[in-house]
Structure formats: structure tokens, C-alpha cells
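Below is one structure, written out as C-alpha cells, with a few remarks after it.
Chain letters run A, B, ... following the sequence lines, proteins first and then strands; every chain starts at 1. Values in this document were obtained by computation on a predicted structure and should not be read as measured data.
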Amino acid sequence: MPELPEVETVVRGLRASVVADVIEEVWLSGRKQPLKSTPREIAEVLTGARITSVHRMGKHIVIDLTLPEQPSLSKSKKSKSKSTKHTSENATFIVHLGMTGRLLVVSPDEPVPKHTHLIAKLKSGRELRFVDPRMFGKLAVYRDAFETVGTEPLDIGFDQFTGLFRKRKSPIKSALLNQKLLRGIGNIYADESLARAGIRPRRRAATLTRLDLDRLYRSMQQVLNEAIAAGGSSVSDYVDSAGEPGFFQFQHRVYGREHEACLTCKTPIKRVVIGGRSSHYCPKCQK
DNA sequence: ATACCGACCTGTCAGC
DNA sequence: TGCTGACAGGTCGGTA
């Protein structure tokens with residue numbers, strides 16, 4: 001469920017509801033899989049932390065924290081007391097929603113659903129919860145800056161965009177999904193971008209003409225912006241941080257529409273598998 | 001260096 | 001009413 005527009009929607013919801021709140025207590029389920037950091041590290045960093053800002057990097061939710069003041073900075077190397085005043089330390093809490101992850105801000109009265117892996121009690125009285133049935137999501141804490149590769153598709157310039165594909169022999173669909181090139185595009189928005197650009201998903205990336213790339217660049221940004229405005233696509237599980245679904249699934253032209261009529265030419269939409277991912281396109285409109 | 005493919009998990013739905 | 005198999009928004013590591 002979580003591609004760039006869905007993650008951006010969650011981030012905006014969190015930004016409006018939990019910035020400046022303080023995490024008072026953390027509960028983690030016993031399950032080990034969804035964690036990239038150990039449960040102890042996560043509990044240690046989150047407990048007492050103040051949320052200073054929330055933003056998005058690709059499909060990662062980045063929650064910036066200020067840690068409570070510590071009299072001594074624990075077991076550091078033998079550095080002499082570097083500061084006499086108590087400086088606050090910063091840290092980052094990273095959440096990746098995987099396929100079925102949800103990050104919710106709810107009242108503690110809400111029943112705790114199956115597959116809840118983290119509950120952070122907030123000073124405001126609400127709870128920040130991470131729920132993920134398939135456990136493909138990831139939680140991690142970093143004491144230093146979180147780094148990732150790839151360029152934001154809404155920030156990239158056209159020249160850099162064309163450079164990503166110039167020598168790439170993989171299908172353009174696979175290249176769009178490659179997070180090391182562009183970060184945040186997933187299966188839905190790869191298919192929808194290609195549909196609007198009139199390009200078949202199996203075309204080798206390096207064979208796209210400048211005109212193709214120009215259409216793809218503009219289609220990609222347009223689809224992502226429209227999807228953000230619609231609160232993302234809710235195909236089966238996705239909901240935002242308030243538990244509300246998005247509406248962009250009603251504007252899909254090809255994704256999930258196998259055998260249905262193309263909205264432009266009425267030709268039935270085809271579904272094929274490319275790189276193990278189902279891919280949808282109109283065989284007449286997309287060349 | 002690239003590019004494909006199965007594995008990781010649970011849930012749902014179609015077909016028998 | 002089961003049961004089985006296919007499939008699902010993502011990423012990783014191994015292999016060709």
C-alpha cells in the first residue's frame with residue numbers, strides 16, 4: 001500500500017498531529033522480524049523523546065526526535081566531559097510500511113488489532129501505533145542522520161531524469177521501480193505513469209526517445225501529485241494515520257483493471273508479469 | 001556490473 | 001463448508 005503518495009499522506013497526517021508531542025512509554029510486541037534495530041534500541045531511543053518534525057524520504061517515514069537531557073552521555077569513549085551544560089541529543093525514528101504496514105495515531109480506547117507491533121504512548125494521551133500483518137515493514141532508530149540513495153521523483157530535474165535511463169537495458173517498468181534510481185515509485189504509480197505517457201512497460205529503458213522521456217517525466221510527476229491530492233490509493237489495506245482511506249484508486253487508468261476497457265480507446269487492458277511484478281497496460285495506446 | 005527470481009509473511013478470494 | 005492455489009502496495013540476497 002505504501003508508495004510515495006501514500007507515505008506522503010501518512011507523513012502529512014503525522015506532522016499535523018504529533019509534532020511537539022512526547023513519547024512517554026513504548027511497548028513492542030515480541031515479534032522480531034519487522035525491526036531493523038533491536039527492540040531495546042528502539043525502546044531506549046523513543047522513550048522520553050520529543051517529536052520535532054516528520055518528513056518523507058522515498059517510502060521511508062522519517063520522524064525526528066530530541067532525546068531527553070541526560071546528565072552524562074552514557075558509555076562514551078574516554079572523552080573528557082565535553083560539555084558542562086546538558087545538551088539535548090537528536091535521533092531519528094524510521095518507519096517503512098512494507099506492503100501492509102499502518103502507522104496510526106489513535107485513542108488508547110481503540111481496540112488493539114492483531115499484528116500490532118509497536119505502541120508509543122504520547123503525552124497528549126493518544127497512541128502512535130504500528131500495525132503490519134505481513135511484517136514486511138521495518139522500524140529503525142538512528143542516532144545520526146539517516147541516509148538513503150536515489151532521487152526524489154518530484155524533485156529531480158529533466159536532465160538528471162533522462163540520465164538515469166540512458167544506458168539501462170532493463171524494462172522501463174523495472175527501472176521505475178528501482179529505488180536506487182528514483183525513490184518512492186512502486187507498482188501502482190509505475191504502471192500509471194507509463195499509461196499516461198503512452199509507453200509499454202516492457203520497453204527497454206535505453207530505447208526511450210527524448211520525446212518518450214519528456215512525456216514520462218511529466219506523467220510521473222502529474223500522477224504523483226494528483227495521487228497525493230487524493231490522499232493516495234486504497235486498493236486493499238491502505239489507510240492514513242487517522243485510519244482514513246485514499247481515493248486515487250478511482251483514477252487508476254490501468255492498475256487493477258485487467259480485461260476492463262481502456263478509458264481512451266476501449267481496448268481491454270492487459271496484465272503481464274515483468275520482473276515478477278504484475279504490470280498493466282493498454283496494448284493500443286502504449287507503444 | 002546488471003538483471004532476474006525466489007524468499008520473506010499473512011490474508012483474501014476464486015474455483016473446485 | 002472446506003481445501004488449494006494464486007495473488008497482493010516492497011525489499012533483499014543469491015545466482016546467472
When you check the phosphate oxygens OP1 and OP2 of dG11(B), does a side-chain N or O of His115(A) lie under 4.0 Å from one of them?
yes
Sugar-phosphate, base or nothing in reach of Arg168(A), heavy atoms under 4.0 Å
sugar-phosphate
Is any side-chain N or O of Thr100(A) closer than 4.0 Å to OP1 or OP2 of dC9(B)?
no
Are Glu6(A) and Tyr189(A) close enough that a side-chain donor and a side-chain acceptor fall under 3.5 Å?
yes
Just to be sure I understand the rule, does Tyr255(A) reach a base, reach only the sugar-phosphate, or reach nothing, if contact means heavy atoms closer than 4.0 Å?
sugar-phosphate
Is the phosphate of dT11(C) approached by Lys59(A) (side-chain N or O, under 4.0 Å from OP1 or OP2)?
yes
Please state the P separation for the pair dA6(C) and dG6(B) - nearest whole angstrom.
13 Å
Which nucleotide in dA3(B), dG10(C), dC9(B) has an atom nearest any side-chain atom of Met135(A)
dC9(B)
Would you kindly give the CZ-to-P distance between Arg277(A) and dA3(B), to the nearest whole Å?
17 Å
Side chain of Arg271(A) only, heavy atoms from C-beta on: which candidate in dA3(B), dG10(C), dC7(C) is closest?
dC7(C)
Determine: side-chain N/O of Lys114(A) to OP1/OP2 of dG11(B), distance under 4.0 Å, yes or no.
yes
Can you check the distance between dG14(C) and dC9(B), where both ends of the measurement are the P atom (answer in whole Å)?
16 Å
Which is true for Pro171(A) with a 4.0 Å heavy-atom rule: it touches a base, it touches only sugar-phosphate, or it touches nothing?
sugar-phosphate
Between Lys270(A) and Glu258(A), is there a side-chain N and carboxylate O pair less than 4.0 Å apart?
no
Before giving the answer on salt bridge (Lys or Arg N to Asp or Glu O under 4.0 Å), spell out for Arg210(A) and Asp214(A) the whole-Å C-alpha distance, their side-chain angles and the decisive distance to 0.1 Å.
CA-CA 6 Å; Arg210(A) 192 162 180 88; Asp214(A) 182 58; over 6 Å; no
Can you tell me if the side-chain N/O atoms of Arg134(A) get under 4.0 Å from OP1 or OP2 in dG11(B)?
no
Once the angle between the rings of Phe146(A) and Tyr142(A) is folded into 0 to 90°, is it parallel (under 30°), tilted (30 to 60°) or perpendicular (over 60°)?
tilted
Considering only heavy side-chain atoms of Pro133(A), the closest of dG11(B), dA8(C), dG10(C) is dG11(B)
Does Gly275(A) reach a base, just sugar-phosphate, or nothing at all? Heavy atoms under 4.0 Å.
nothing
By a 5.5 angstrom centroid cut-off and a 30 degree plane limit, is there stacking between Phe136(A) and dT11(C)?
no
Atom pair CG (Asp191(A)) and CZ (Arg196(A)), whose distance is rounded to the nearest 0.5 Å
10.5 Å
